[in-house]
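In what follows, every heavy atom counts, from backbone to side chain, and hydrogens, waters and symmetry copies are set aside. Numbering of residues begins at 1 and proceeds along the displayed sequence.
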Amino acid sequence: MTASFKKRKVDASRILTAARDSLSAVVVKTSSYVVGQVYDVPLKRLRSNPANARALYAASGIDDMSRSMREHGQTTAASGFVDSDGDVILIDGHRRLQVCEKLSWTTLRVEIRPVPESEQLLYLASRAANVERAEQTPLDDALVWRRLLDRKIFPSQVALAKTLGLSESEVSRTLALADLPGRLAQALAEQAELLNLKMLNALREYFLSQGEERTLAFILEVAAEGLSYREVEARRKALEHGPATRPRSERRALQFRGATGVIRTFDKEGRLEVS
């Protein structure tokens with residue numbers, strides 16, 4: 001094989017490679033999403049937010065949204081951005097995605113946003129959307145913050161508190177909820193009226209005192225009876241200290257100068273009473 005033939009073969013290979021790359025670039029360009037536009041994205045091209053601010057979704061909430069979307073369609077677009085593979089990463093809209101899967105729909109309407117500069121900003125965008133709809137709960141915060149801190153997305157509790165504009169004590173009290181077992185966390189997610197920081201911490205203390213099974217039953221009682229967090233604390237303390245008992249005594253009749261009375265002796269306490 002002559003040198004000139006080898007050179008022509010190499011040049012042809014380069015031309016073919018360049019042609020394939022050019023064609024690929026055209027395909028990517030013509031199929032890419034435009035920031036600011038809304039698209040019906042196939043579910044198979046959607047990916048979950050790795051820094052999603054929500055950790056728990058109530059089954060009742062999924063059912064309610066399913067009925068609404070079945071009747072009215074998807075009235076509000078989710079939001080997401082396009083990754084390097086051409087897939088759409090959700091920023092907000094995971095519950096709508098679950099509903100689409102439940103209804104066997106093949107697409108989700110998504111508004112395309114710019115690619116976040118960091119995973120920290122991706123989390124903040126997700127949380128802001130939930131806070132705006134009053135859907136973010138201390139329990140979600142606890143579970144997600146623990147995960148973000150473990151992954152060093154936020155270097156410390158102090159940095160997390162500063163970024164969110166919260167006090168360090170509030171962040172610490174919230175993070176303590178991450179110790180709740182999964183069954184308790186999901187049971188609480190179904191009781192929206194219990195998802196405030198004071199009640200959640202009272203129930204966490206109850207769990208640490210009484211265990212998982214008793215706490216599961218107690219959560220239903222608290223919701224049904226509308227107990228306050230102070231009543232939850234009082235119930236726990238009563239169980240820890242046991243029922244109040246009156247000291248045992250022996251009673252003897254007493255007569256003295258025509259008067260009658262009673263002598264009570266408390267042997268355990270070493271005292272007596274005369275009346």
Quiz item: Yes or no on salt bridge (Lys or Arg N to Asp or Glu O under 4.0 Å) for E119 and R151, after CA distance, side-chain angles and deciding distance?
Solution: CA-CA 11 Å; E119 199 164 337; R151 295 177 56 213; 2.7 Å; yes
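- A salt bridge links R133 with D92: at least one charged nitrogen is closer than 4.0 Å to a carboxylate oxygen.
- Applying the side chain to side chain donor-acceptor pair (under 3.5 Å) rule to pairs touching residues 63-73 yields D63-K102, D64-R67, sequence neighbours excluded.
- The CZ atom of R147 sits 10.0 Å away from the OH atom of Y123 when rounded to the nearest 0.5 Å.
- For the residue pair S209 / E240, a side-chain donor-acceptor distance below 3.5 Å is found, with atom types taken as modelled.
- Checked by atom type and distance alone, the side chain of S126 pairs as donor or acceptor with a backbone atom of A53 at under 3.5 Å.
- In this structure, Q74 contributes its side chain and R109 its backbone to a donor-acceptor pair below 3.5 Å.
- Contact of the C100 side chain with the L43 side chain is registered, since non-hydrogen atoms from C-beta on lie closer than 4.5 Å.
- Salt bridge E213/R183: present, at least one basic N to carboxylate O contact under 4.0 Å.
- For the side chain to side chain contact (heavy atoms under 4.5 Å, CB included) with Q191, the qualifying choice from L203, L220, V222 is L220, the only one to do so.
- Between the Q120 side chain and the T163 main chain, no donor and acceptor come within less than 3.5 Å of each other.
- The pair D179-R146 meets the salt-bridge criterion, since a charged nitrogen lies less than 4.0 angstrom from a carboxylate oxygen.
- For E135 and R95, the salt-bridge test passes: some basic side-chain N is under 4.0 Å from an acidic carboxylate O.
- Between E233 and R235, no side-chain nitrogen of the basic residue sits less than 4.0 Å from a carboxylate oxygen of the acidic one, so the salt-bridge criterion is not met.
- For the pair R54 (side chain) and D140 (backbone), a donor-acceptor distance under 3.5 Å is absent.
- For R127 and D141, the salt-bridge test passes: some basic side-chain N is under 4.0 Å from an acidic carboxylate O.
- A salt bridge does not link R96 to E101: none of the charged side-chain nitrogens sits closer than 4.0 Å to a carboxylate oxygen.
- The environment of E193 atom CD is dense: over 12 non-hydrogen atoms of other residues, nucleotides or ligands sit within 6.0 angstrom.
- With a 4.5 Å cut-off on side-chain heavy atoms, S118 and L121 count as touching.
- Aromatic ring pairs are classed by plane angle as parallel below 30°, tilted from 30° to 60° and perpendicular above 60°; the pair Y206 and F218 is parallel.
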